[in-house]
Structures are given as structure tokens and as C-alpha cells.
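Take a look at the structure set out below.
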Amino acid sequence: MKKYFLSIPIFMLFFMSCANKPTPQNVSDSANHQWWKEAVVYQIYPRSFKDSDGDGVGDLKGIISKLDYIKSLGIDVVWLNPIFSSPNADNGYDISDYKGIMKEFGTMQDFDALLKGMHERGIKLVLDLVANHSSNEHEWFKQSRSSRTNPYRDYYHWWPAEKGKPAKRWSFFDVNADAWMYDSTTNAYYLHYFSRRQPDLNWENPKLRKEIFDMMNFWFDKGIDGFRMDVIPFISKDTSFPELPKEYNGDFVTYYANGPHLHDYLKEMNKEVLSKHNVMSVAEGAGVTIETAHNFVDEDRHELNMLYHFDGVNYGYVPGKFKTPEPEGYKLVGFKEIYSKWDSVFAIKGWGTIYLGNHDQPRMVTRWGNDAPQFREVSSKMLTTFLLTMRATPYYYFGDELGMNNIKFDKIEDYNDIETINHYQLIKNKGEDVKAFLDAQKISGRDNGRTPFQWDATANAGFTTGKPWLKVNPNYTTVNVAAEEADTSSCLNYFKKAVQLRKNNKILVYGKYILLDKYNEKIYAYTRGDGNDMILVILNFSKDKVDWHIPSGLSIVETPLINNYHSFVNNNGIISLQPYQAIVIKVK
Ligand code: ISL
């Protein structure tokens with residue numbers, strides 16, 4: 001076995017590891033181990049996974065028919081985007097009945113069969129809790145808007161118009177970016193942080209909280225294993241609706257995430273619901289910062305288990321321009337800084353998550369890798385390696401295991417997403433550059449991550465026998481499950497291998513993370529674990545060949561545990577990496 005000599009002296013590495021305080025997140029401290037820390041979560045957007053009845057929309061029976069595929073991935077938990085009754089203004093994030101199943105998706109019997117099928121295969125099921133807002137077609141809202149004295153009036157936030165126009169609140173999806181909507185029935189404005197069809201629920205009302213907690217218990221009694229909580233940091237509001245306090249400096253999102261009773265309500269939810277079941281909870285951490293993160297997830301606060309932050313996915317956009325990528329692409333040094341910083345946030349307490357794609361994001365390979373034909377596969381595999389070797393629970397988005405990439409629609413008519421469509425309208429109304437907006441959406445638009453899953457090379461990628469609700473990426477003829485199952489070096493088989501790697505090496509879950517060579521603009525390298533049990537991860541984030549020196553003090557003890565190329569070239573401690581090469585290897 002070769003020994004390698006080193007560009008960073010060994011005492012430096014020793015110093016770096018001693019500089020970090022001892023951490024409870026380690027392999028030997030089993031008291032701190034939890035199933036949800038060790039899990040790999042696979043997110044399914046049900047609308048796009050598999051259609052069983054030819055209406056062009058994915059459904060629960062479709063998922064049931066593919067349970068063996070899901071099992072074959074080796075993942076532990078499935079998170080399903082909302083499956084509840086909804087008029088689909090925002091594809092299920094506008095719920096009209098929290099205890100009903102969306103009719104396009106099937107019935108409660110289908111749901112029960114799906115849950116049973118998952119549990120029989122040892123897979124846990126996490127649903128989406130969308131409780132900051134409901135649909136405007138929810139019975140509560142219909143009642144609420146009908147009169148000022150209706151018993152449901154204070155299930156929502158109303159501002160009587162005789163008091164004048166309420167202080168500005170910014171809306172994510174409104175064509176005027178205005179979160180107050182005037183309703184003539186009762187001469188009042190209602191609040192909607194998202195679209196007009198998604199009025200915000202009034203959590204300051206204990207009756208509303210009880211309804212939500214009862215509903216959560218209803219699903220837990222059915223046997224689900226957790227909730228992902230949509231914009232949960234936004235639930236509490238200062239109902240005097242003052243002008244935006246100066247300290248927020250125009251940042252509505254951070255203001256929204258710091259409501260006065262937020263943590264009282266999360267504690268109440270924990271007491272009334274979560275603590276009664278062996279389940280996991282994960283907040284969509286919109287507006288959460290490294291300073292506030294611990295308030296959500298520290299064990300001794302008895303609130304939630306995990307959250308996911310937005311620092312990573314929002315990185316690399318031009319400041320002040322809606323989701324517009326920097327012309328030269330993102331800078332790896334800054335990317336490493338973000339993920340290293342978030343690792344350190346949870347080094348002692350709490351627990352992190354990691355993701356590069358989801359239903360609100362473009363495809364990870366297009367945004368963070370390189371989807372040019374010669375690099376799509378290798379860079380997908382490289383990103384998969386990153387997600388599965390960090391100290392955080394990986395949330396892996398369906399289709400990324402195939403290396404699916406952005407469809408890059410040319411025209412607004414191809415889009416379905418309310419965010420893209422309403423933002424386009426807003427830009428048009430303001431007379432701004434719609435062409436530049438559409439160009440940016442090719443990289444950042446949410447529909448890129450929502451195109452139908454690619455099962456095989458038959459019509460519509462085997463997703464539906466009807467007309468798909470959103471166009472299928474034309475590359476389905478080669479990028480699909482059938483082709484990739486048959487190819488031992490496919491993205492799909494690489495993903496399965498990477499999942500097993502994490503399962504077989506607990507240090508990839510709990511082991512200490514140390515960033516190496518932080519200013520390297522092309523290589524992201526880090527070690528996991530310490531002492532005699534260490535793993536080195538080397539990721540070439542560039543399309544160039546790069547020689548990288550193994551730091552002094554580290555010596556390779558085996559051949560790579562995983563490698564997205566067939567070759568592994570080292571020469572006296574210098575590893576020659578191919579474009580987007582990823583190597584995970586044991587070191588001493
Ligand atoms: O999608 C985003 C960025 O494009 C975010 O701003 C997103 O709107 C925000 O993170 C909230 O997302 C969640 O709630 C929305 C829904 O549209 C998203 O799909 C959901 O993940 C409203 O329910």
C-alpha cells in the first residue's frame with residue numbers, strides 16, 4: 001500500500017480537528033442516534049411520478065404500481081408532496097379538505113393501500129403539512145368570507161377596509177406582489193402570503209390550532225411516519241399588522257419567519273401531536289438563518305427534528321433579480337462555505353438536512369452540475385456523491401437518480417407553475433424584460449423539476465397513456481429507468497450504490513466533517529470521521545481535469561469505496577481527477 005506525502009502538514013489537520021469542540025454527533029454516541037438521522041429520504045412529486053388511469057396526472061395507484069422500484073433504490077423514507085383535496089391553484093399547496101384525497105390522485109382506499117405497501121417493504125411515509133394557508137375553496141374560508149360575524153371569521157386574517165389600506169405585506173405569487181386582497185362581500189382585505197387562492201390561516205386562534213392538531217393526529221392514527229411542514233416558520237403573525245419593522249430592512253421573508261408566537265405554537269404542536277407518535281418532522285425553513293435554526297430543532301426545545309435552509313439553493317443568483325443565475329455561474333468557494341457553515345451549525349446540537357433539488361427547484365444537474373451531453377451523467381453522479389456523504393439527512397428528489405435535467409421551456413404557454421406564470425405577468429405589467437425572465441427560468445423555473453418521471457422509451461416515457469399535464473423531457477428515449485436498470489454504470493445504479501455506501505458506513509452519517517483546501521475553486525474535498533476511521537471525499541466540481549494533492553497526514557488505505565469513473569489515478573499523493581470525478585476513499 002502506498003503512503004502519500006502531503007501539502008498540508010499533519011499537525012494542521014490535527015489542529016483543525018481539535019479546534020472543533022467535541023461533538024455529540026459521532027458514531028460511538030448511540031444515545032444521540034435516531035432513525036431519521038440515518039435515513040435517506042426520497043421525495044416524490046405525485047403528479048409526475050406514474051399515472052395509472054390515463055388522465056395525464058400521476059396518482060396513488062401509479063405509485064403503488066412502482067413500489068418495488070422505490071424499494072430497489074434502498075431508500076428509507078418517502079416524502080410525498082400534498083395529496084389532499086385541492087383545486088390545484090398551486091398543485092396541492094392549496095388544500096380544500098385536509099382529510100380528503102385529491103380526486104385526480106385517487107381515494108382514501110388507495111392511500112391506505114399505498115401506506116400498507118410501503119410499510120410492508122420497510123419504507124416510511126412522510127406527508128406534507130400545508131398549514132400556513134388553505135385553499136380559498138376550503139369550507140372554512142367560504143364561511144369566513146361570508147360575514148364578519150361568522151364563527152369561522154377568525155380562522156383567517158381580515159382587515160376591515162374602513163380602517164384604510166393595511167400596511168404592505170409582500171406576496172410570493174401575487175401578480176401585484178401584494179399579500180392583501182380586497183373582498184367586497186364584507187368590505188375587508190384578507191391576507192395571503194402566497195396566491196390570492198391561498199389565504200393565510202390564523203394560528204393566533206386556538207380553535208384553528210386545535211383543528212390542525214386534530215387533523216395531524218388523524219393522519220398519524222392512520223400510521224404515517226412524519227410530516228414535512230410547508231413554510232411552517234410563517235404561521236404566527238403580529239395581528240396589529242404594523243409597517244415592516246426597520247430592522248428587517250425590507251426582508252419580508254425573514255420577518256415572516258419570526259412571528260411573535262411561532263415557537264409557542266411549535267411547542268404546543270409537539271405536545272399535542274408529535275410527542276405522541278414515533279415520527280419525524282422537518283420544517284421547510286424559509287426565512288430561517290443560522291442564528292435562528294436552533295430554536296426549531298434542538299432536542300431540548302421539544303419542537304421539530306429537522307429543517308431545511310435556503311442558503312444553498314438561493315446561492316448564485318444575481319441579487320435583487322428574481323432567480324436569475326450569475327452569468328459566470330456560481331462560485332464553488334462560496335458554495336463550500338455555505339454547506340460547511342451549516343454543518344458547523346449542527347455539529348453539537350440539532351441535526352441538519354441536505355438537498356439540491358426539490359419541487360421548488362430546477363433539476364440539480366442543470367443548476368449545480370453540467371447538463372451538456374458529455375457531462376450530464378458524471379456530474380449527476382458527482383452531486384449524488386455529495387448529497388450522500390454529508391453530515392445531514394439527505395432529501396433526494398425523484399428523477400435525480402436518473403440524471404434528469406431541466407426541460408428549458410421556450411415559451412410561457414408551456415409553463416404550468418403559478419410562480420412562473422404570475423411573475424411573468426408582474427414583469428410584463430411593469431414593462432420589464434420578459435425575454436430575460438424567460439431565459440432565467442430555463443435554469444431556475446420550478447416546472448423544470450416537475451416534468452413527468454421517465455420510466456422507459458415508450459410514448460410519454462411510460463408515464464401516462466394520455467396527455468401528460470406537463471411536457472415530458474424529450475431525452476426520455478435514453479434517460480429512463482428501463483435503460484438505466486440495464487446499464488451497470490448508469491446514474492441509477494450509481495445512486496443505489498451511494499445509498500448503500502452511506503448505510504454501510506455510519507461515519508458518513510455521524511462522523512465529523514472537515515473541509516479541506518477551502519479556497520480551491522474546482523475541488524470540494526472533505527473528510528468524515530476521525531482517528532483511524534476516516535473517509536476522504538474528493539469532488540471535482542469543474543469540467544476540467546484537475547490534479548489534487550492529498551493533504552499531509554492522510555494516507556489512503558484502500559481502493560475507492562465509490563468512484564464515478566472506472567479509473568483512479570494517483571501519483572505520489574497527487575490525484576488526477578477527470579471532469580466532475582467523485583471519489584470516496586478510506587484514509588488514515
Ligand atoms: O419556491 C420558492 C422559490 O421558488 C419559494 O419561494 C417557495 O415559494 C417557498 O419556499 C414556499 O414553498 C412552499 O410553499 C408554497 C408552495 O408553492 C411550494 O411548492 C412549497 O414548497 C406555497 O404553499
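Order of listing sets the numbers, starting from 1, for every ligand and every atom in it.
Comparing heavy-atom distances from atom 3 (C) of ligand 1 across E284, Q198, R228, K323 singles out K323 as nearest. The closest non-hydrogen atom to atom 14 (O) of ligand 1, taken over N358, D230, D360, comes from D230.
Figure legend: K165 and W159 shown without cation-pi pairing, the cationic atom not lying both under 6.0 angstrom from the six-membered ring centre and within 45 degrees of its axis.
There is no side-chain donor-acceptor pair under 3.5 Å between S171 and D174. Side-chain polar atoms of N405 and T366 form no donor-acceptor pair below 3.5 angstrom.
For atom 5 (C) of ligand 1, the nearest non-hydrogen atom of the protein is F172 CE2, 4.4 Å. When hydrogens are left out, the protein atom nearest atom 1 (O) of ligand 1 is R446 NH1, 3.2 Å; that is the closest non-hydrogen contact.
A distance below 6.0 Å separates the ring centres of Y190 and W158.
For the side-chain hydrogen bond (donor to acceptor under 3.5 Å, both in side chains) test, no residue two or more places apart in sequence or in another chain qualifies with R47. In terms of the side-chain hydrogen bond (donor to acceptor under 3.5 Å, both in side chains) criterion, K331 has no residue partners (sequence neighbours excluded).
Taking every heavy atom of H133 and a limit of under 4.0 angstrom, the matching atoms of ligand 1 come to 22 (C), 23 (O). For ligand 1, the atoms lying closer than 4.0 Å to a non-hydrogen atom of V231 are 11 (C). Near F310, the atoms of ligand 1 lying under 4.0 angstrom from a non-hydrogen atom of the residue are 10 (O). Listed by number with element, the atoms of ligand 1 under 4.0 Å from a non-hydrogen atom of E419 are 1 (O), 2 (C), 3 (C), 4 (O). Close approach of ligand 1 to D90 is summarised as follows: ligand atoms under 4.0 Å from at least one heavy atom of the residue are 15 (C), 16 (C), 17 (O), 22 (C), 23 (O).
Minimum interatomic distance between G403 and V365 (heavy atoms only, all atoms of both residues): O-CG1, 4.2 Å.
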